[in-house]
Amino acid sequence: MKLFDRFFERSARSVAQRSSRRGLLKNLGVALVGGASIPLLPVARASQGAPQKPVEEGDPSSCEYWRYCAVDGFLCQCCGGTYNSCPPGTEMSTITWIGTCRNPVDGRSYVISYNDCCGVNQCGTCLCQRDERDRPIYRSDKSNDINWCLGSTSYVYNCSTAIVVGLAFEE
Amino acid sequence: MKLFDRFFERSARSVAQRSSRRGLLKNLGVALVGGASIPLLPVARASQGAPQKPVEEGDPSSCEYWRYCAVDGFLCQCCGGTYNSCPPGTEMSTITWIGTCRNPVDGRSYVISYNDCCGVNQCGTCLCQRDERDRPIYRSDKSNDINWCLGSTSYVYNCSTAIVVGLAFEE
Amino acid sequence: MHRNLSARLLSLITLFFIGVGVVNSSLAGDNAMPPPLPIEEIGRVESLPASYPEDWVLVDESSFMNMYGGKVIILDIAETSHPKRMKGMMSKSMLGNFTQSSARGEFYIIESFHERGARGKKFDVLVIYDKQTLKVIKEIEWPTDRLQSLPERYSMALSEDQSLLYVSNFNPAASFTVFDLDSREIVETIGTPGCVLTYPTGERSVTSICSNGGLLTTVLDKKGNLKARERMAPFFDTDSSPIFEWPVIVNGRAHFPSFHGEMHVIDFSGDVARYIEKWSLVSEKERQGNWRPGGIALTDRDDRGRLYIIMQPDGKEGTQTHGGSQVWVFDLKTKQRLRIIDIPNWAVSLAVTRGSNPKLVITNGSMNLDIFSANDGQFIQTVSDFNNITPLLIHKSY
Amino acid sequence: MHRNLSARLLSLITLFFIGVGVVNSSLAGDNAMPPPLPIEEIGRVESLPASYPEDWVLVDESSFMNMYGGKVIILDIAETSHPKRMKGMMSKSMLGNFTQSSARGEFYIIESFHERGARGKKFDVLVIYDKQTLKVIKEIEWPTDRLQSLPERYSMALSEDQSLLYVSNFNPAASFTVFDLDSREIVETIGTPGCVLTYPTGERSVTSICSNGGLLTTVLDKKGNLKARERMAPFFDTDSSPIFEWPVIVNGRAHFPSFHGEMHVIDFSGDVARYIEKWSLVSEKERQGNWRPGGIALTDRDDRGRLYIIMQPDGKEGTQTHGGSQVWVFDLKTKQRLRIIDIPNWAVSLAVTRGSNPKLVITNGSMNLDIFSANDGQFIQTVSDFNNITPLLIHKSY
């Protein structure tokens with residue numbers, strides 16, 4: 001699901017109010033999700049027999065997080081879920097739109113599945129709109145304008161995740 | 001239905017923005033419903049054989065209008081209805097709460113029935129809270145905390161009217 | 001003004017006041033004073049004119065923060081007194097879609113519900129409203145999943161004679177349903193594989209836009225049943241030269257702007273859509289400044305057929321729906337730009353009202369409406385505080 | 001953390017990506033680089049602890065601008081990082097009422113729906129939630145109209161042993177329904193003529209507050225059926241000396257503040273409510289300055305049994321629900337005021353969290369939450385931007 005950049009300003013105001021940092025909101029995306037000083041959180045995972053560990057970094061509650069390149073909606077990370085899991089009481093959509101985002105740590109491009117979490121009500125905070133390579137609804141596989149809760153038990157959109165589902169063939 | 005005084009401030013801000021009169025909002029009630037210079041609109045009606053015409057005056061889109069002394073909700077006057085009629089597509093509630101308000105023109109106190117208009121959705125503008133002689137829900141006949149659309153086809157509150165239903169015995 | 005006085009209501013109220021301290025005002029006259037105000041009718045409900053004034057618009061409030069609460073709000077955007085602006089509203093649940101018939105005096109909303117809020121069986125309903133009373137004329141349970149997305153101007157459309165309503169479906173197989181407005185019955189649901197939306201074409205055809213960069217025209221027979229399908233070859237690349245799905249249709253010609261500022265002209269006047277030509281909205285210099293179209297409902301036209309489009313500077317991949325700082329006005333015959341209107345509070349969506357003195361209505365960056373004179377670009381006023389959350393699409397009234 | 005991995009989902013997704021340009025990351029290692037990120041699970045849903053931390057609260061968001069969209073939002077109000085504050089939410093339609101069981105790990109919401117938004121048959125449903133998963137355990141269609149009003153702390157309540165749930169009804173005849181939480185069945189609906197709300201009393205009694213200024217206690221038998229009714233004589237005048245329906249109950253004693261600052265103490269520890277005494281919250285001087293209680297949810301208590309109440313200066317008829325500029329803290333045993341906490345952004349409602357370092361949570365005049373240390377009145381932070389519209393009642397968590 002999607003909104004639009006300038007809507008951020010309204011939300012950003014309340015963020016500014018919250019953090020008493022009005023006037024510093026140069027980067028709306030960062031401001032929106034409250035990432036004043038973005039902590040680098042390395043996320044390491046056991047790989048399948050590879051000699052090194054796969055790596056990524058960044059703040060999954062920041063709109064600038066690398067996986068969110070084509071996201072448009074409320075970040076589940078702020079809603080009781082995480083960047084790849086849903087808030088309690090919701091369910092994850094089975095069909096969705098995808099983006100291709102570059103992990104700045106390993107330089108690889110990954111296919112990211114923006115599965116929506118469905119049910120309850122809209123989360124309503126940490127609205128993040130990046131829209132890179134987002135397309136109108138005639139390219140439904142790449143469109144975040146469609147309510148992708150359409151295949152779920154509940155058609156009510158709550159928030160959006162960003163899940164690594166594979167490596168992209170090419171940038 | 002009811003809200004609370006300070007909530008007005010938020011709405012009042014957008015009124016101020018609208019009218020470019022930020023800073024003049026001394027009287028929140030007036031500011032809320034946009035009555036900067038209240039036009040006096042004499043409302044005259046044919047009376048039942050009396051020698052003179054009954055009179056009242058004031059701006060029914062202002063929260064200060066005399067009939068609204070115990071109101072708490074969105075004024076139908078701003079919602080496509082009037083002070084005593086409902087917006088298109090809604091229905092008027094059959095049961096309600098009452099107030100006793102003094103008509104400043106004839107000095108008499110009248111019983112005012114605050115029939116809610118029910119259906120569609122909340123009107124959401126011209127929130128007016130006066131609450132004079134409003135009582136908690138144990139005095140349901142005088143309580144605007146109850147959703148008085150409960151007797152209507154639709155239980156969805158839209159806005160509030162202020163209808164003269166009689167003279168009060170005493171002030 | 002429709003008076004819906006109910007004697008039953010009055011007697012209920014009268015009963016209610018027994019013992020509450022009420023004197024019938026007709027008994028309480030005083031010679032030195034005017035007579036008391038009479039008891040008033042209870043139950044009156046307003047209604048609207050058969051023909052809406054030119055300055056009225058219908059705001060498609062998608063209510064993105066709370067999708068249960070979407071609505072269509074009828075507003076007089078030229079009115080300077082706030083309390084007089086709102087004329088009424090209709091509810092529109094879960095990103096419901098809206099269109100209207102100028103000839104029939106009807107509004108059409110297709111909306112969705114679960115049995116219990118976000119839980120239970122989900123179902124879609126087409127609702128027909130009377131435009132004067134805003135009362136529901138009929139509700140029709142829908143046979144499939146209607147399209148649920150951010151608002152689109154062509155998620156529904158009427159046939160040229162306004163006898164058929166076309167309704168987009170998506171689940172995620174795409175189709176549209178033909179609804180007969182005379183009999184108020186569903187005619188048929190017709191698949192449009194890989195293609196979405198319902199652009200009215202010719203007398204009884206429907207064109208949809210496809211994932212391969214082409215178009216699909218579905219030709220209907222007199223009753224609205226499928227007669228033929230014709231695909232138009234791709235004319236754009238959905239990855240490298242995508243277009244907006246928001247055409248302006250003038251004299252049967254649909255003008256589709258591309259992300260990068262080209263204008264594709266398609267003939268929608270015949271039975272089947274035909275490609276005519278493309279031209280550029282931007283000069284070479286403007287192209288170098290990356291002036292591009294941008295926004296949600298970024299295009300509309302006035303009664304004279306002039307195009308209005310939101311433009312953004314420094315456009316790049318990802319900014320296409322973010323809106324812009326200017327509106328450009330074009331003569332579609334000469335392909336010349338007539339005027340640039342600077343939009344001080346940012347523009348996300350636009351609409352243009354009817355008549356010889358049209359108003360340009362802008363959904364601004366704060367989700368309020370900025371109103372301009374369309375003829376000279378003069379700012380008129382900002383309209384706010386009408387229960388607006390995300391008024392992403394504005395419709396003209398008729 | 002509950003992992004709800006669904007193999008079905010994964011295979012669906014895998015199917016979806018055939019031909020979309022995906023390489024399984026395990027096949028794409030490179031000796032000079034770290035291995036690629038693995039494919040992640042799809043379908044994971046979080047869950048919450050069985051015991052909520054003391055600083056968590058449950059916000060009753062009545063959503064007055066859009067009543068379809070009410071909710072209960074679970075928040076950590078001590079958390080300084082905005083993205084970590086919201087823990088989850090439950091929907092709550094048309095001014096739904098909320099209560100909870102500390103012993104059962106369950107939440108109870110009674111809410112209302114029409115079949116189609118604002119149209120069609122209206123019905124009420126009691127919904128039982130699991131507090132760890134926020135999933136619906138059971139829905140019960142309600143036999144009558146539940147109370148629909150601005151939020152009340154005692155529109156629902158539990159019996160002392162948490163085996164029975166009492167639910168207020170109003171249509172406009174007043175009653176309450178007894179619900180057995182073990183069998184999850186309705187026991188009985190019992191009329192309370194002229195009296196509303198369900199204050200838990202003794203082991204199995206329910207006290208309601210009456211239009212004549214008295215109380216009605218309904219005594220139940222072991223199974224929750226009506227055993228006896230007892231009325232307590234009026235102790236206040238609803239016109240001239242009204243009380244707020246927001247008592248603080250400590251050690252079985254209910255403390256009801258009056259509009260003018262008197263405190264009525266009622267014994268709720270026995271089978272039947274008994275009047276004990278009244279005392280004054282305000283000194284003679286404060287009374288002359290018209291210092292009065294004021295607000296919506298204007299009272300709460302901490303674990304030590306201290307009373308917190310919102311106070312307004314210059315109070316008069318009509319300002320009783322408008323909130324105030326201070327919170328006064330009282331020792332209910334000594335009837336002494338312990339502290340005045342100045343509230344800079346106005347206070348409409350309040351709540352106090354559990355534990356030895358409780359937080360005072362204020363719904364401020366902008367409908368955000370201001371958080372203070374309850375022990376010393378120190379301001380901690382403002383919590384906003386959590387989809388809050390009208391968060392009029394805050395509940396402690398357990």
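Because only heavy atoms are used, hydrogens play no part in the values below, and waters and symmetry mates are left out as well, while side chains stay in. Letters A, B, ... are given to chains in the order of the sequence lines, protein chains preceding strands, and every chain is numbered from 1.
Shortest non-hydrogen contact noted between D/F386 and D/I73 is O-CD1, 3.5 Å. Scanning both residues, D/F170 and D/A174, for their nearest heavy atoms gives CD1-CB, 4.3 Å.
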When you scan chain C against chain D, which donor-acceptor pairs turn up at less than 3.5 Å?
| from | atom 1 | to | atom 2 | distance (Å) |
| --- | --- | --- | --- | --- |
| C/E111 | OE2 | D/R119 | NH1 | 3.3 |
| C/E111 | OE2 | D/R119 | NH2 | 2.9 |
| C/R116 | NH1 | D/E139 | OE1 | 2.8 |
| C/R116 | NH2 | D/E141 | OE2 | 3.3 |
| C/R119 | NE | D/E139 | OE2 | 2.7 |
| C/R119 | NH1 | D/E111 | OE2 | 3.3 |
| C/R119 | NH1 | D/Y129 | OH | 3.4 |
| C/R119 | NH2 | D/E111 | OE2 | 2.9 |
| C/R119 | NH2 | D/E139 | OE2 | 2.6 |
| C/Y129 | OH | D/R119 | NH1 | 3.4 |
| C/E139 | OE1 | D/R116 | NH1 | 2.8 |
| C/E139 | OE2 | D/R119 | NE | 2.7 |
| C/E139 | OE2 | D/R119 | NH2 | 2.6 |
| C/E141 | OE2 | D/R116 | NH2 | 3.2 |

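Remark: C/L150 CG to C/I296 CD1 distance equals 6.0 Å, nearest 0.5 Å. Distance check: D/L216 CG to D/I209 CD1 gives 11.5 Å after rounding to the nearest 0.5 Å. The CZ atom of D/F179 sits 3.5 Å away from atom CD1 of D/I140, with the distance rounded to the nearest 0.5 Å.
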Assess whether side-chain contact (heavy atoms from CB on, under 4.5 Å) is satisfied between C/I74 and C/M86, documenting all intermediate values. CA-CA 6 Å; C/I74 304 170; C/M86 196 186 290; over 6 Å; no
